[in-house]
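Remarks on the structure that follows.
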Amino acid sequence: MDFLKQMILDKGYIINNNILKVDSFLNHQVDFKLMNEIGLEFYNYFKDKNITKIFTIEASGIAPAIMTSYKFEVPMVILKKQTSSILNDDLYQTEVKSFTKNTTYNLTLSKKYISPNDNILIIDDFLANGEAAKGAIKLIEDAGASVAGIGIVIEKSFQPGRKILEDLGYDIYSLARIKSLENNKIEFVD
Ligand code: G4P
């Protein structure tokens with residue numbers, strides 16, 4: 001997606017060999033035109049998959065996910081990050097470890113917002129190690145629903161997330177795939 005790649009080159013900046021900051025258009029301030037294009041791009045890729053809901057993980061996945069849900073005209077559901085596990089029959093919950101942030105949280109979903117008939121598209125801002133996506137998949141499959149695919153805005157292809165999810169058989173569509181952030185240079189996968 002050329003518009004996104006150009007914005008990454010123009011406005012993104014490298015913190016170190018592993019971290020790209022995109023606070024001015026995706027993670028803090030949000031560019032509405034870019035979000036609209038992202039929603040359309042995910043819609044065009046996944047439109048024949050009978051998607052019933054869009055799931056995302058708070059917080060930075062919400063902006064691309066809401067625009068995607070608008071294009072599909074289906075609800076968006078935000079998976080919440082709880083600091084402690086909650087024993088509650090009304091919830092699905094699973095523990096997720098973030099290697100990037102060195103934190104652990106309990107990804108949480110109310111049983112009210114999923115049914116076994118759902119065919120769900122997961123949308124998130126970054127794919128690094130795949131832990132957040134694996135957590136979302138677990139909650140969806142615990143509910144007996146299906147994962148139709150995974151849409152990622154920025155994939156760091158030098159980290160293992162894509163391979164792990166592909167090996168599990170999921171369809172992943174990443175709008176920008178970053179090969180390397182080394183030598184203070186952003187390189188995309190061809
Ligand atoms: P994983 O889910 O693929 O395993 O990734 P990991 O746990 O390693 O990273 C999770 C968090 O770190 C996510 O934010 C993700 O957006 C963020 N992250 C990972 N790599 C980068 C990067 O290069 N740049 C930026 N800006 N963020 C990155 P989160 O904890 O879900 O927080 P939130 O921002 O969505 O609230």
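Order of listing sets the numbers, starting from 1, for every ligand and every atom in it.
Heavy atoms of G161 stay at 4.0 angstrom or farther from ligand 1. Close to ligand 1: N27, with a non-hydrogen atom less than 4.0 angstrom away. Under the 4.0 angstrom criterion for non-hydrogen atoms, I154 is not in contact with ligand 1. The closest approach between any non-hydrogen atom of K81 and ligand 1 is below 4.0 Å. Heavy-atom separations between Q159 and ligand 1 are all 4.0 Å or longer.
Of the candidates S60, S98, A133, A136, S60 brings a heavy atom nearest to atom 34 (O) of ligand 1. Distances from atom 36 (O) of ligand 1 to the heavy atoms of G135, P160, A128, A59 put A59 nearest.
Of the N or O atoms in K21, none lie within a sub-3.5 Å distance of an N or O in ligand 1. Every N/O-N/O distance between I57 and ligand 1 stays at or above 3.5 Å. For ligand 1, the polar-atom distance check against G130 finds a nitrogen or oxygen pair separated by under 3.5 Å. For ligand 1, the polar-atom distance check against A132 finds a nitrogen or oxygen pair separated by under 3.5 Å.
Taking the six-membered ring for Trp and thresholds of 30 and 60 degrees, Y173 and Y45 have nearly parallel ring planes, at less than 30 degrees apart.
Between the side chain of Q29 and the backbone N or O of S24, at least one donor-acceptor pair lies under 3.5 Å.
Atom 22 (C) of ligand 1 lies below 4.0 Å from at least one non-hydrogen atom of the protein.
Residue contact check: F99 has heavy atoms under 4.0 Å from atoms 7 (O), 8 (O) of ligand 1. Taking a cut-off of under 4.0 Å to the non-hydrogen atoms of N18, the atoms of ligand 1 that pass are 23 (O).
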